[in-house]
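The structure appears below as structure tokens.
Computed from a predicted model, the values in this text were never measured in an experiment.
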Amino acid sequence: MAVIDKLIAKAKEADGKIVLPEGHDPRVVAAANKIVSENIAEVVVLGTDDEIDVSCAAAGVEKRFFDVVNHLESALLEPYAEVFRELRKKKNMTLEKAFEYMKTRIFFGAMMVREGDADGMVAGSIAS
């Protein structure tokens, strides 16, 4: 059995949820669709409706199998910002600054994992 097959089998057993914050990348939505359609994991892709539509069109994804969260308008934005402010209070983090951080895909996705709304995050197709 190839290494990738072992990883896929373990992922299926884990029955987890992955957040992919770079929904503005067509490769990400194509991967998200494949992961869900092959029952490897549940996937949440971050992005606006327009970004996701453009990415899906560019990737040839006609039917979405993954969930989408608009990190800029999510009901989780405020609670995440409050938690982030609390975590960084010794560094003089204000709620206003925390909101700005949470509007960043990578920070929002990381907070999803920290708060138990996702089991893991995969990023780096665009962001380093």
I'd like to know if [Y] and [X] are part of one continuous hydrophobic network [Ile/Leu/Val/Met/Phe/Trp/Tyr, side-chain heavy atoms within less than 4.5 Å].
| X | Y | value |
| --- | --- | --- |
| Leu72 | Phe99 | no |
| Ile52 | Phe108 | no |
| Leu46 | Leu20 | no |
| Leu77 | Met121 | yes |
| Ile18 | Ile8 | yes |

Nearest-0.5 Å distance that lies between atom [atom1] in [X] and atom [atom2] in [Y]:
| X | Y | atom1 | atom2 | value |
| --- | --- | --- | --- | --- |
| Lys63 | Cys56 | NZ | SG | 13.0 Å |
| Asp117 | Met111 | CG | CE | 10.5 Å |
| Lys17 | Met112 | NZ | CE | 6.0 Å |

- Query: For the side-chain contact (heavy atoms from CB on, under 4.5 Å) test, which of Val43, Val36, Asp53 pairs with Arg64?
  - Reply: Asp53

- Message: Tell me which one of Val29, Val28, Val44 satisfies side-chain contact (heavy atoms from CB on, under 4.5 Å) with Phe66.
- Response: Val29

Donor-acceptor under 3.5 Å ([X] side chain, [Y] main chain):
| X | Y | value |
| --- | --- | --- |
| Thr48 | Glu51 | yes |
| Ser55 | Gly23 | yes |
| Glu22 | Ala123 | no |
| Ser74 | Leu76 | yes |

Measure across [X] and [Y] and return the closest heavy-atom pair with its distance rounded to 0.1 Å.
| X | Y | result |
| --- | --- | --- |
| Ala59 | Ala30 | CB-CB, 4.0 Å |
| Pro21 | Ile106 | CG-CD1, 3.7 Å |
| Pro79 | Ala75 | CD-O, 3.2 Å |

Side-chain contact test, heavy atoms from C-beta onward, threshold under 4.5 Å: evaluate it for [X] versus [Y] and give yes or no.
| X | Y | value |
| --- | --- | --- |
| Val19 | Val113 | yes |
| Leu87 | Arg114 | yes |
| Leu95 | Phe84 | no |

Salt bridge check, [Y] against [X]: does any charged N sit closer than 4.0 Å to a carboxylate O?
| X | Y | result |
| --- | --- | --- |
| Glu96 | Arg85 | no |
| Lys10 | Glu13 | no |
| Arg105 | Asp25 | no |
| Lys103 | Glu100 | yes |

- Does Lys34 NZ have over 12 foreign heavy atoms under 6.0 Å away? no

- OH/Tyr101: more than 12 non-hydrogen atoms of other groups inside 6.0 Å: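 Open.
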
